[in-house]
Enquirer: 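Structure incoming, see below.
Note that these values count all heavy atoms, side chains included, but never hydrogens, waters or copies made by symmetry. First the proteins, then the strands, lettered A, B, ... as listed; each starts at 1. Worth saying up front: this structure is predicted, and the values here are computed from it rather than measured.
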There are 2 protein chains.
Amino acid sequence: MKARTRKEEIIIVASRLFKEKGYNAVSMRDIALAMGIKAASLYNHIQGKQEILSTLILEVAQEFTLGMNTVMLSTATPTEKITSVIELHIDITVNYSEGLAALNNDWMHLENDDLSDFVKMRENYEENFRKIIKEGIEKEEIKAQHPEVILFSILSTLRSLYVWYQKRGKLDVNILKKDMVAVLLNGIVV
Amino acid sequence: MKARTRKEEIIIVASRLFKEKGYNAVSMRDIALAMGIKAASLYNHIQGKQEILSTLILEVAQEFTLGMNTVMLSTATPTEKITSVIELHIDITVNYSEGLAALNNDWMHLENDDLSDFVKMRENYEENFRKIIKEGIEKEEIKAQHPEVILFSILSTLRSLYVWYQKRGKLDVNILKKDMVAVLLNGIVV
DNA sequence: GAACAAAACTAACGTTTGTTAGTTAGAATT
DNA sequence: AATTCTAACTAACAAACGTTAGTTTTGTTC
């Protein structure tokens with residue numbers, strides 16, 4: 001994500017700080033300092049601290065919703081759909097790594113409609129994923145294990161990816177996709 | 001974890017609040033209110049807010065270190081060792097769910113020696129896990145995939161378990177262990 | 001060069017924060 | 001009965017918080 005306006009610059013700088021210390025541990029003065037200006041000057045561009053958080057999170061959340069809807073509308077097999085979802089997560093991780101951190105760690109600090117909208121989107125996303133897995137079990141593509149364990153296992157790996165992706169110096173996205181799909185679908189034992 | 005002293009009561013109440021809102025979003029007055037006393041009264045039992053956090057986190061961290069050391073000293077095969085580590089995580093999740101939340105989300109708010117001790121323990125833990133996986137690949141028990149992808153995949157699933165465990169009303173621990181091991185080792189496709 | 005808008009500034013506001021000091025009520029110990 | 005201990009209290013602190021108001025600087029357009 002590149003900054004096209006001053007407002008976007010602020011959001012990008014803030015997201016970097018949020019990622020390191022969390023929303024509540026970052027003050028408006030911290031953000032201003034990182035921008036090289038005074039805290040009051042931020043208010044020429046944004047309405048408040050909350051706006052930074054909600055802009056950041058809801059942008060990424062919509063990206064997920066959009067991607068999942070596309071997958072659900074396709075005629076692919078359940079296994080192919082799961083593969084698509086894994087790839088979707090990796091693409092978003094690469095492009096919105098800071099926003100993802102806020103989404104994962106600070107969503108509970110959203111307020112009012114932003115909070116309830118987010119929670120709804122999240123529940124909807126999980127419900128769609130659950131449908132894919134259950135369909136896979138019915139069609140005997142997926143092992144008849146507890147679907148919740150499968151859902152949770154894949155989803156929590158994908159959600160943590162942002163932490164790990166740039167710690168291990170930016171590997172090739174296509175190789176990462178291939179490896180992740182292999183590990184998550186086929187396991188690790190020979 | 002049961003409260004045996006007033007200090008432990010405070011730590012338990014605080015950990016519950018930390019889990020919901022994060023360390024920085026919980027004030028000493030919040031903790032005091034949840035205890036039914038005034039904020040200043042907390043200081044008869046604890047040294048400060050930091051002490052709550054470090055007690056909470058380092059207790060759990062030591063539990064992990066201890067468990068991992070036991071696994072490393074055993075003569076089990078790599079696959080068996082991975083199974084033991086998975087079971088270790090599940091046991092700790094069940095017994096220290098609130099502390100785990102703080103460990104996962106608020107470790108960066110530790111200070112001084114507590115912070116560096118924690119980071120060292122964490123690195124050490126990951127390094128041991130990495131050794132097990134590499135040994136498994138050498139002995140051809142584990143697929144010769146990127147070991148980092150395998151490590152990350154399993155570890156992030158296990159680390160997120162605390163979020164999910166009590167949302168899905170407390171299932172039987174032994175069944176959970178069996179299912180998790182199956183999914184993480186053998187994958188999900190038929 | 002006057003007029004304008006954008007984006008910075010200084011100064012201050014009312015709250016909330018973690019914490020300290022000193023005090024008090026009740027229970028346990030001598 | 002006197003003393004000590006435990007655990008609560010009130011009051012207050014300096015610092016940090018998000019935010020507002022009003023002003024000055026900077027760069028662009030007539």
Enquirer: Can you check whether B:H45 has a side-chain N or O nearer than 4.0 Å to OP1 or OP2 of D:dA8?
Expert: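 Indeed, a polar side-chain atom of B:H45 lies that close.
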Enquirer: Using a strict cut-off of less than 4.0 Å between a Lys/Arg side-chain nitrogen and an Asp/Glu carboxylate oxygen, indicate whether B:E87 and B:K81 qualify as a salt bridge.
Expert: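 Answer for the salt bridge query: no.
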Enquirer: Whole angstrom is fine here: how far is it from CD1 in B:I31 over to P in D:dA7?
Expert: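 One finds 18 Å between P of D:dA7 and CD1 of B:I31, rounded.
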Enquirer: Check DNA chain C against residues 108-118 of chain B and give the residues with a non-hydrogen atom under 4.0 Å, in numerical order.
Expert: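 The stretch gives none, as no residue of it lies under 4.0 Å from the strand.
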Enquirer: Please state how far atom CD1 in A:I37 lies from atom P in C:dA6, giving the value in whole angstrom units.
Expert: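 Rounding to the nearest Å, CD1 of A:I37 and P of C:dA6 are 16 Å apart.
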Enquirer: Is any side-chain heavy atom of B:E98 closer than 4.5 Å to a side-chain heavy atom of B:F18?
Expert: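 Side chain of B:E98 against side chain of B:F18, heavy atoms only: no contact under 4.5 Å found.
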Enquirer: Between A:Y125 and A:H89, is the ring centroid distance below 6.0 Å?
Expert: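 Between A:H89 and A:Y125, which both carry aromatic rings, the centre distance is below 6.0 Å.
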Enquirer: Do A:K167's NZ or CZ and the ring of A:Y162 fall within the cation-pi criteria of under 6.0 Å and 45°?
Expert: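 No, A:K167 and A:Y162 do not form such a contact.
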Enquirer: Could you tell me the separation between the CG atom of A:L42 and the P atom of C:dA8, rounded to a whole number of Å?
Expert: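 In whole Å, C:dA8 P lies 9 Å from A:L42 CG.
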Enquirer: Please give, in whole Å, the distance from D:dG27 C1' to A:R6 CZ?
Expert: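 A:R6 atom CZ is separated from D:dG27 atom C1' by 14 Å.
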Enquirer: Is the shortest side-chain N to carboxylate O distance from B:R130 to B:E127 below 4.0 Å?
Expert: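 Salt bridge between B:R130 and B:E127, a charged N being under 4.0 Å from a carboxylate O: yes.
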Enquirer: Could you go through residues 132-142 of chain A and list every donor-acceptor pair under 3.5 Å that involves a side-chain atom there, pairing it with any protein atom two or more places apart or in another chain?
Expert:
unit_1: A:E135; atom_1: OE2; unit_2: A:K139; atom_2: NZ; d: 3.1
unit_1: A:E141; atom_1: OE1; unit_2: A:T79; atom_2: N; d: 3.0
unit_1: A:E141; atom_1: OE1; unit_2: A:T79; atom_2: OG1; d: 2.4

Enquirer: Using atom NZ of A:K38 as one end and atom P of D:dA16 as the other, report the distance to the nearest whole Å.
Expert: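 Value for this atom pair: 14 Å.
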Enquirer: In whole angstroms, how far is the P atom of C:dA6 from the CD1 atom of A:I10?
Expert: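 In whole Å, C:dA6 P lies 15 Å from A:I10 CD1.
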Enquirer: Side-chain donor-acceptor contacts of residues 176-190 of chain A below 3.5 Å, not counting sequence neighbours, with atom names and distances?
Expert:
unit_1: A:K177; atom_1: NZ; unit_2: A:D91; atom_2: OD1; d: 3.0
unit_1: A:K177; atom_1: NZ; unit_2: A:D91; atom_2: OD2; d: 3.3

Enquirer: Show every donor-acceptor pair shorter than 3.5 Å between a side-chain atom in residues 67-78 of chain A and any protein atom, with sequence neighbours excluded, or say none if there are none.
Expert:
unit_1: A:N69; atom_1: ND2; unit_2: A:T65; atom_2: O; d: 3.4
unit_1: A:T70; atom_1: OG1; unit_2: A:L66; atom_2: O; d: 3.0
unit_1: A:S74; atom_1: OG; unit_2: A:V71; atom_2: O; d: 2.9
unit_1: A:S74; atom_1: OG; unit_2: A:A76; atom_2: N; d: 3.4
unit_1: A:T77; atom_1: OG1; unit_2: A:E80; atom_2: N; d: 3.2
unit_1: A:T77; atom_1: OG1; unit_2: A:E80; atom_2: OE1; d: 3.4

Enquirer: Would you mind reading off the distance between A:L53 atom CG and D:dG18 atom C1', rounded to a whole angstrom?
Expert: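 Those two atoms, CG and C1', are 14 Å apart.
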Enquirer: Could you go through residues 26-42 of chain A and list every donor-acceptor pair under 3.5 Å that involves a side-chain atom there, pairing it with any protein atom two or more places apart or in another chain?
Expert:
unit_1: A:S27; atom_1: OG; unit_2: A:R29; atom_2: N; d: 3.3
unit_1: A:S27; atom_1: OG; unit_2: A:D30; atom_2: N; d: 3.0
unit_1: A:S27; atom_1: OG; unit_2: A:D30; atom_2: OD2; d: 3.2
unit_1: A:D30; atom_1: OD2; unit_2: A:S27; atom_2: N; d: 3.0
unit_1: A:S41; atom_1: OG; unit_2: A:K38; atom_2: O; d: 3.4

Enquirer: Which nucleotides of nucleotides 13-28 of chain C have their base under 4.0 Å from a protein heavy atom (B), which only their sugar-phosphate (S), and which neither (-), written as one string 5' to 3'?
Expert: ----BBBBB-------
